[in-house]
A.B. asks: 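Sending over a structure as structure tokens; questions will come in a sec.
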Amino acid sequence: MARLAQTAGLTDVQQEILATVRDFVDKEIIPVATELEHRDEYPQAIVDGLKELGLFGLMIPEEYGGLGESLLTYALCVEEIARGWMSVSGIINTHFIVAYMLKQHGTQEQKDHFLPRMAAGDIRGAFSMSEPALGSDVSAITSKAVKDGEEYVLTGQKMWLTNGGTSSLVAVLVRSDEGHPEGTAPHRSMTTFLVEKEPGFGEVRPGLTIPGKIDKMGYKGVDTTELIMDGLRVPADRVLGGATGRGFYQMMDGVEVGRVNVAARGCGVAQRAFELGVSYAQQRHTFGKPIAQHQAIQFKLAEMATKVEAAHAMMVNAARKKDSGERNDLEAGMAKYLASEYCKEVVEDAFRIHGGYGFSKEYEIERLYREAPMLLIGEGTAEIQKMIIGRRLLEEYRFQG
């Protein structure tokens with residue numbers, strides 16, 4: 001077991017879970033990841049294995065059939081999975097966010113209906129905030145829900161939906177003006193709807209279309225899609241929490257834990273890049289000795305390892321803060337920002353260590369080099385994280401003059 005990125009204070013159960021996941025990653029993911037990624041093939045066998053391990057219900061309470069584990073346990077598992085192949089961690093993450101939102105904000109009927117099947121992996125979750133024109137400006141959402149008797153009619157186009165094709169439950173954020181007079185702040189007139197659908201592409205239920213996969217530079221295997229609603233009718237009892245106008249806060253709560261997840265993904269990819277770099281440096285010879293014995297390479301390895309350690313420590317701190325019940329948007333923002341930036345840098349350094357071979361698709365580092373940039377964008381860009389961090393710091397260090 002590697003010495004980097006160890007976590008102190010874990011229980012025996014946590015250590016056992018992590019050992020099981022690590023073994024699964026080493027045996028079932030790493031050997032096939034690059035081949036599947038190059039084919040942009042959904043890793044069905046891997047997903048089935050994760051289902052058997054119970055990872056789809058890792059944080060779902062035991063009363064609903066889950067394992068009832070902490071955010072820290074989940075984040076450490078994600079770190080291990082991303083070390084094998086980041087796309088697989090994305091399949092888990094969106095499902096986890098929807099399950100978390102249901103656990104925290106759902107009605108009892110919604111929890112009873114969805115959570116047991118989500119814990120078993122029979123229902124796969126996805127969530128949808130973004131739209132083609134809004135970027136990070138969530139307040140600019142134009143998708144709408146209009147009340148019609150005991151139903152709502154949803155219309156609009158959503159974008160960047162991870163698991164859009166393979167999911168069977170989507171948490172969709174739209175604008176709902178019902179009960180919110182003109183002039184209401186945009187974030188107070190948004191509602192999250194729980195939309196059930198058939199997996200697949202095309203018209204997956206009346207009024208709902210998943211056009212197909214978006215072709216991406218990296219982050220392949222997992223399906224990223226659009227979602228088009230044209231007269232989609234959703235029962236009123238599928239409003240998350242049972243009341244309109246709470247959607248923005250529900251989504252932000254989900255994104256907050258999602259940022260810990262993205263930080264964990266960055267840590268996992270960075271760890272794998274370091275492993276590849278330090279291994280190659282000891283095998284490649286120049287000027288009569290392994291390049292690992294050249295001071296320039298040792299400096300690079302030292303910087304890479306330090307960044308892996310720092311990112312891991314911040315990710316663990318953010319997860320533990322959330323598990324304690326405290327507000328963690330500052331810590332989550334810092335962890336996501338640092339881990340994604342450091343991941344990019346560690347991957348690039350490992351790429352440089354590989355020299356020309358790093359540019360070859362035969363070497364794993366080529367895949368990591370295309371995957372790392374997604375982490376700079378997912379769950380909020382670096383600029384968004386710095387804005388959150390800056391605002392929170394001004395709250396904590398308000399000038400008393």
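Only this structure's heavy atoms are used, side chains among them; waters, hydrogens and symmetry mates stay out.
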A.B. asks: Where is the tightest heavy-atom contact between K344 and A372, given as atom of each residue plus distance?
C.D. replies: CA-CB, 4.2 Å

A.B. asks: Given the ring of Y342, does K307 sit roughly above its face, with NZ or CZ under 6.0 Å from the centre of the six-membered ring and within 45° of the axis?
C.D. replies: yes

A.B. asks: Less than 4.0 Å between a side-chain N and a carboxylate O, is that true for E396 and R392?
C.D. replies: yes

A.B. asks: Assess whether side-chain contact (heavy atoms from CB on, under 4.5 Å) is satisfied between Q271 and L4, documenting all intermediate values.
C.D. replies: CA-CA 8 Å; Q271 283 185 51; L4 285 182; 5.6 Å; no

A.B. asks: At what distance, to the nearest 0.5 angstrom, does CD1 of I214 lie from CG of L161?
C.D. replies: 8.5 Å

A.B. asks: Working note: N93 + Y74, criterion side-chain contact (heavy atoms from CB on, under 4.5 Å); need CA distance, chi angles, decisive distance, verdict.
C.D. replies: CA-CA 10 Å; N93 182 43; Y74 176 80; 4.2 Å; yes

A.B. asks: Taking the side chain as everything from C-beta on, heavy atoms only, tell me whether T191 gets closer than 4.5 Å to R246.
C.D. replies: no

A.B. asks: Between CD of E52 and CG of D48, what distance do you get to the nearest 0.5 Å?
C.D. replies: 7.0 Å

A.B. asks: State whether a side-chain donor-acceptor pair under 3.5 Å links S360 with E362.
C.D. replies: no

A.B. asks: Taking atom NZ as the centre, does K216 end up with more than 12 heavy-atom neighbours from other residues, nucleotides or ligands that are less than 6.0 angstrom away?
C.D. replies: yes

A.B. asks: Whether E35 and R39 form a salt bridge (side-chain N of Lys/Arg under 4.0 Å from carboxylate O of Asp/Glu) is what I want to check.
C.D. replies: yes

A.B. asks: Quick one: are L194 and V172 in side-chain contact, heavy atoms under 4.5 Å?
C.D. replies: no

A.B. asks: Flag yes if more than 12 heavy atoms outside K144 fall under 6.0 Å of its NZ atom; otherwise flag no.
C.D. replies: no

A.B. asks: Looking at K158, M159, M229, M251, which hits side-chain contact (heavy atoms from CB on, under 4.5 Å) with S128?
C.D. replies: K158

A.B. asks: Is there side-chain contact between T166 and I91, with heavy atoms separated by less than 4.5 Å?
C.D. replies: no

A.B. asks: Quick one: pull up CG in L240 and CZ in R238 and give me the separation to the nearest 0.5 Å.
C.D. replies: 11.0 Å

A.B. asks: Any idea how Y369 and F351 line up, ring-wise: parallel (<30°), tilted (30 to 60°), or perpendicular (>60°)?
C.D. replies: parallel

A.B. asks: Are R284 and I297 packed together at the side-chain level, in the sense that at least one heavy-atom pair is separated by less than 4.5 angstrom?
C.D. replies: no

A.B. asks: Is the CD atom of E150 crowded by more than 12 outside heavy atoms at less than 6.0 Å?
C.D. replies: no

A.B. asks: Is it the case that more than 12 heavy atoms not belonging to Q295 sit under 6.0 Å from its CD atom?
C.D. replies: no

A.B. asks: Is the number of heavy atoms from other residues, nucleotides or ligands within 6.0 Å of CG (D112) greater than 12?
C.D. replies: yes

A.B. asks: How far apart are the closest heavy atoms of P373 and M217, and which atoms are they?
C.D. replies: CG-CE, 3.8 Å

A.B. asks: Report the C-alpha distance between R124 and S167 in whole Å, list the side-chain angles of each, state the deciding distance to 0.1 Å, and finish with yes or no for side chain to side chain donor-acceptor pair (under 3.5 Å).
C.D. replies: CA-CA 5 Å; R124 306 279 172 78; S167 61; over 6 Å; no

A.B. asks: Take L173 and F127, measure what side-chain contact (heavy atoms from CB on, under 4.5 Å) needs, and give me the verdict at the end.
C.D. replies: CA-CA 8 Å; L173 184 66; F127 79 107; over 6 Å; no

A.B. asks: Write down the atom of L115, the atom of A99, and the distance for their closest heavy-atom approach.
C.D. replies: CD2-O, 3.9 Å

A.B. asks: Which residue is it: K361, K220, R370? I am looking for the one with a salt bridge (Lys or Arg N to Asp or Glu O under 4.0 Å) to E37.
C.D. replies: R370

A.B. asks: Is it true that R22 and D26 make a salt bridge, defined as a side-chain N closer than 4.0 Å to a carboxylate O?
C.D. replies: no

A.B. asks: For the pair H354 and Y280, name the ring-plane relationship: parallel under 30°, tilted 30 to 60°, perpendicular over 60°.
C.D. replies: parallel

A.B. asks: Can you tell me how far the NZ atom of K336 sits from the CG atom of L375, to the nearest 0.5 Å?
C.D. replies: 7.0 Å

A.B. asks: Around atom CD of E198, are there more than 12 heavy atoms of other residues, nucleotides or ligands at under 6.0 Å?
C.D. replies: no

A.B. asks: Could you measure the distance from the CG atom of L76 to the CD1 atom of I81? Nearest 0.5 Å is fine.
C.D. replies: 11.0 Å

A.B. asks: So, using ring pair (Phe, Tyr, Trp, His ring centres under 6.0 Å) as the criterion, who are the partners of F201 when residues are at least two apart?
C.D. replies: none

A.B. asks: One thing to verify: whether R352 and E348 come together as a salt bridge, which I'm taking to mean a side-chain N less than 4.0 angstrom from a carboxylate O.
C.D. replies: yes

A.B. asks: Measure across G84 and I30 and return the closest heavy-atom pair with its distance rounded to 0.1 Å.
C.D. replies: CA-CG1, 3.7 Å

A.B. asks: Please find the pair of heavy atoms, one from M59 and one from F96, that lie closest to each other, and give the distance.
C.D. replies: SD-CE1, 3.1 Å

A.B. asks: Do you see a donor-acceptor pair shorter than 3.5 Å between the side chains of K213 and T225?
C.D. replies: no

A.B. asks: Any Lys/Arg nitrogen of R391 or E395 sitting under 4.0 Å from an Asp/Glu carboxylate oxygen of the other?
C.D. replies: no

A.B. asks: Against the six-membered ring of Y152, is R233 placed for a cation-pi contact (under 6.0 Å from the centre, within 45° of the normal)?
C.D. replies: no

A.B. asks: Looking at E371 and R265, is there a salt bridge between them, counting it only when a charged N and a carboxylate O are closer than 4.0 Å?
C.D. replies: no

A.B. asks: Under a 4.5 Å cut-off applied to non-hydrogen side-chain atoms, are V262 and R259 in contact?
C.D. replies: no

A.B. asks: For R367, is there an ion pair with E364 - N to carboxylate O distance below 4.0 angstrom?
C.D. replies: yes

A.B. asks: Between T209 and E203, does a side chain to side chain donor-acceptor pair (under 3.5 Å) hold up when you go through it step by step?
C.D. replies: CA-CA 4 Å; T209 300; E203 189 173 36; 5.0 Å; no

A.B. asks: To the nearest 0.5 angstrom, please state how far the CG atom of L102 sits from the CD1 atom of I97.
C.D. replies: 12.5 Å

A.B. asks: Would you please say whether a donor-acceptor pair under 3.5 Å links the side chains of W160 and E226?
C.D. replies: no

A.B. asks: Under a plain distance cut-off of 3.5 Å, with no hydrogens placed, do E131 and S143 share a side-chain donor-acceptor pair?
C.D. replies: yes

A.B. asks: Are any of the side-chain nitrogens in R83 or E275 under 4.0 Å away from the carboxylate oxygens of its partner?
C.D. replies: yes

A.B. asks: Testing the basics here: between C77 and L18, what is the closest heavy-atom pair and its distance to 0.1 Å?
C.D. replies: N-CD2, 3.7 Å

A.B. asks: Applying side-chain contact (heavy atoms from CB on, under 4.5 Å), run through I123 and F114 and close with a yes or a no.
C.D. replies: CA-CA 8 Å; I123 288 181; F114 290 113; 4.0 Å; yes

A.B. asks: Can we say D329 and R327 salt-bridge, meaning some charged N sits less than 4.0 Å from an Asp/Glu carboxylate O?
C.D. replies: yes

A.B. asks: Verify whether one side chain among N163 and H95 offers a donor that lies under 3.5 Å from an acceptor in the other.
C.D. replies: no

A.B. asks: Atom CD of residue position Q104 - does it have more than 12 heavy atoms of other residues, nucleotides or ligands inside 6.0 Å?
C.D. replies: yes

A.B. asks: List the steps and the verdict of side chain to side chain donor-acceptor pair (under 3.5 Å) for Q283 and S279.
C.D. replies: CA-CA 7 Å; Q283 298 173 51; S279 175; 2.8 Å; yes

